Structures are given as structure tokens and as C-alpha cells.
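Shown next, in C-alpha cells, is the structure this report addresses.
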Amino acid sequence: MNAEILATKWMTPQELKRMVAKDGLIIKKGRFSATESFSVNDAIEEYQRASSFADAELRAVIFPVNERDKDTAFWGRIAKVVPRRSISSVYHYVRRKRHPLKHKGAWGAWEDELLEQSVATHGKAWKVISDLVGRTAEDCRDRYRNCVSQKETRVVGTWAEEEEQLLAHIVTDMTDEGRGIDSDFFWDEASRRMGGRRGRQQCRNKWMDCLSKKMKCAGTNPKWSPRDASILLCKIDLLQAKDDSEIDWKLLHDPDWNLWSPHLLQRRWLTMKKSIHKWQSMPHQSIVDQLRIQQLAIPPPFYPPTPSFSASSKS
DNA sequence: TCGTAGATAAACGATTGTGG
DNA sequence: CCACAATCGTTTATCTACGA
């Protein structure tokens, strides 16, 4: 019934939250995994076949000319194949993936200029601007927010020592003022306090990937060891995932074990994976097994228990 | 020459605001 | 009230410089 509700009822985020809390509704969030996206695409293809629609007709179902003509039966049918997803999340996912303007890669200078002019004349009406620039409204907004709007003050490239210190200072100040680093406009404000010298994305990335770790480790960056590799592999193995796109890297973060960011762990995994012969044609779990066998073949001379993995300590 | 860290920005998902 | 546009924060693909 869980799937039934999620696939048929259009709910607001608040309603969803309520049902998760009160009725024990189980819901999956975050990126769509490889298997999920396969399921969705299969379902759409099957629908197209069953109703013998041409591509244009299918497009009209997903993007009706009059937005009021949303085909709820169609969306329900698609949503059913990804049981833990809300119908609205499937709707957004499919429409984003199949948007006619999607996937255009890096922005050219002329596009930036066009974007800037368009915003100057039309304001932040992203739907209008989207048509002028030829990118999705979302892409236009993101590009403007992160790059174009700050092009006068913003610099790119390696951070100077003073910049790092300044940012560290700003973040500590703002935290002391009682603002969480995930709160609204936190990084916009941090960027402002940097004098617009660095954008919000730059500031956040710098902090997350580098500075926060540095501060915890008193200025020295820890080294990735074979033992870390072994722990990572063990954690991945425990998940028993069908595919590595199922993995939520945030969940592998363990404050006791690592100061490694989720992104770093993911990249480590990728290089480990690539070391396996013919990894591209192998299922996820086989790669994991293969790697574990390799590790066992070269046992480390000494394997000290780590604080995070030894359940009982001296206490 | 390969792996790694640093850095950037594109792509993304969830939530909020708003006009009909 | 509902659907969409707008907006928020977050994740990740990709490039690059560099050192062993």
C-alpha cells in the first residue's frame, strides 16, 4: 500500500513529511540510481509501445502544450515501477531528464553575454530567459547565480593563504552568530563577506573539502592508507548494493574513522574499481568481491583495531 | 606516466512562493 | 487549492597541475 499511495497521490512536501512521521510511510529521496532510471525508462517505452505513440505524441504526454493537461494516469503508471518514490519526484525526474533543451555542456562566452543581457531587460523571469538563451530555466538560473552575477569581483584559481584564513574566520564568526552552515543564504552571505571575491559554490566547496578538515587536523592533511582502503571496501561490501549508483556516500562518512569527504570516498572507490580488469563489464558486487580477494592476498603486517570498528573499548 | 588533490561549474533534488 | 515557476542547498563529472 506504501507504493500505491506514493504512486497515485500527489502530495506536498509537508503532507509527505507528515505521513512519514505518523503513518510510517517509507520514502526514498536523493539521486535516482542506475536501476531506478532503467525501470523508469523501460516503463515509459512500454507505455509508448502499448499506446503505439510516435515520439512526438509521447513528448506531448510528458510536456503537454497546456500544462493543465497533466496525464495523471500516465504518471501513476510510471511511478509504480519505482516503489519508494513519490509520484511528484518521478514527475520531476522524468521531465528534467527528457527536457528538449537539456544537456548542452559548458557555457560559452556569448551565452553568458546573452544571459546577462536577458536578465538586464527581463529580470529574473527564468522561463522567458530560457527561451531566449536556449537552455533550461534552471540552468540559466544556476549559471547566473553562480557565475555571471559576480563576474566583476570573482576570481578563480588557487586560493591564497590569506583567502583561506579569511574564509575560515568568516565561517567561524557566522557559526558563532548561531547560523548553521546549511541554513539559507549561509554561503551567499559568506561570499559577500569575502567581498564577492569567491562565489558561494567556491566557498562551500573549499570549506567542505579542505578547510574544515584542515582545522580539525591542526593544519595537516591526513594520508590515505591501505587500511583506509580496506575499511572503505568493507563498508561498501556491507551495503550489498546492486550498483554503486545506489550508494549514498554520505552514509559512509564516519566521524571517528575518517575526515574524508563523501566525494573523496567516492573517488577512491572509482580508482579502486578501475584497477580491476574488465571492470566495465562486471556487476558491482563482483568488483567488490574481486577487490576483497586482492586485499586478503596481500595481508597487512599488522591490523590494529580502529576506534570506530572496535565495538567495546576500555571504557 | 599514473594517481592524487585542488578546483570549478554543471547537474541535480527538494522546497517555497505565487498566480489562476 | 493546485500546478507551476522560482529558489533553495547539494552532489558529482571533469579539468588541471603536480609529485612520486
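Within every chain, numbering begins at 1; the chains are lettered A, B, ... in the order of the sequence lines, protein sequences first and strands thereafter. The structure presented is a predicted model; accordingly, all values stated were derived computationally and were not measured.
Panel note: side chain Ser191(A), backbone Arg198(A); a donor-acceptor pair is recorded below 3.5 Å.
Here dC4(C) is the nucleotide among dC4(C), dT10(C), dT4(B) with the atom lying nearest to any side-chain atom of Tyr91(A). Across dA13(C), dG6(B), dT7(C), the shortest atom-to-atom separation from the side chain of Lys206(A) is found for dG6(B). Among dA6(C), dT4(B), dC8(C), the nucleotide with an atom closest to any side-chain atom of Asp142(A) is dC8(C). Counting only heavy atoms from C-beta on, Arg135(A) has its side chain closest to dA11(B) among dA11(B), dA9(B), dT10(C). The side chain of Tyr93(A) approaches dG13(B) more closely than any other nucleotide in the set dG13(B), dA14(B), dT4(B).
Between Trp187(A) and dG9(C) there is no side-chain polar atom (N or O) within less than 4.0 angstrom of OP1 or OP2. One finds a side-chain N or O of Arg268(A) lying less than 4.0 angstrom from the OP1 or OP2 phosphate oxygen of dT4(B). Contact annotation: Arg95(A) side-chain N/O to dG13(B) OP1/OP2 distance is not under 4.0 Å. Of the side-chain N and O atoms in Gln266(A), one or more sit less than 4.0 angstrom from OP1 or OP2 of dA13(C). Contact annotation: Thr271(A) reaches the phosphate of dT4(B) (side-chain N/O to OP1 or OP2, under 4.0 Å). The shortest distance between the side-chain N/O atoms of Arg143(A) and the OP1/OP2 oxygens of dA11(B) is not below 4.0 Å. For Arg200(A) and dG9(C), the shortest distance from a side-chain N or O to OP1 or OP2 is below 4.0 Å. Distances shown here put every side-chain N or O of Arg141(A) at or beyond 4.0 Å from the OP1 or OP2 atom of dA5(C).
Between the side chain of Arg145(A) and the base of dG9(C), at least one donor-acceptor pair of N or O atoms lies under 3.5 Å.
Distance CD (Glu189(A)) to P (dG9(C)): 12 Å, rounded to an integer number of Å. The CZ-C1' distance, from Phe32(A) to dT10(C), rounds to 16 Å in whole Å. For the pair Arg154(A) CZ and dA9(B) C1', the computed distance is 8 Å after rounding to whole Å. Spacing between atom CG of Asp188(A) and atom C1' of dT10(C) amounts to 13 Å, rounded to whole angstrom units. Straight-line distance from the NE2 atom of His92(A) to the P atom of dT16(B): 13 Å, rounded to whole Å. The CG atom of Leu167(A) sits 12 Å away from the P atom of dA7(B) (whole-angstrom rounding). One interatomic measurement links the two molecules: CG of Asp112(A) to C1' of dT8(B), which rounds to 14 Å at whole-angstrom precision. If you take CG of Leu270(A) and P of dT4(B), they are 11 Å apart, rounded to a whole angstrom.
Checked against a 6.0 Å centroid threshold, the rings of Trp279(A) and His284(A) do not count as neighbours.
Ring pair Phe53(A)/Tyr47(A) is perpendicular by interplanar angle, where above 60° counts as perpendicular and below 30° as parallel.
For the atom pair Asp237(A) CG and Leu232(A) CG, the distance stands at 11.0 Å (nearest 0.5 Å).
Judged purely by distance below 3.5 Å, without hydrogens or angles, the side chains of Gln48(A) and Asp55(A) pair a donor atom with an acceptor atom.
Within 4.0 Å (heavy atoms only), Glu138(A) reaches at least one base atom of the nucleic acid.
Gln165(A) places none of its side-chain heavy atoms less than 4.5 Å from the side chain of His169(A).
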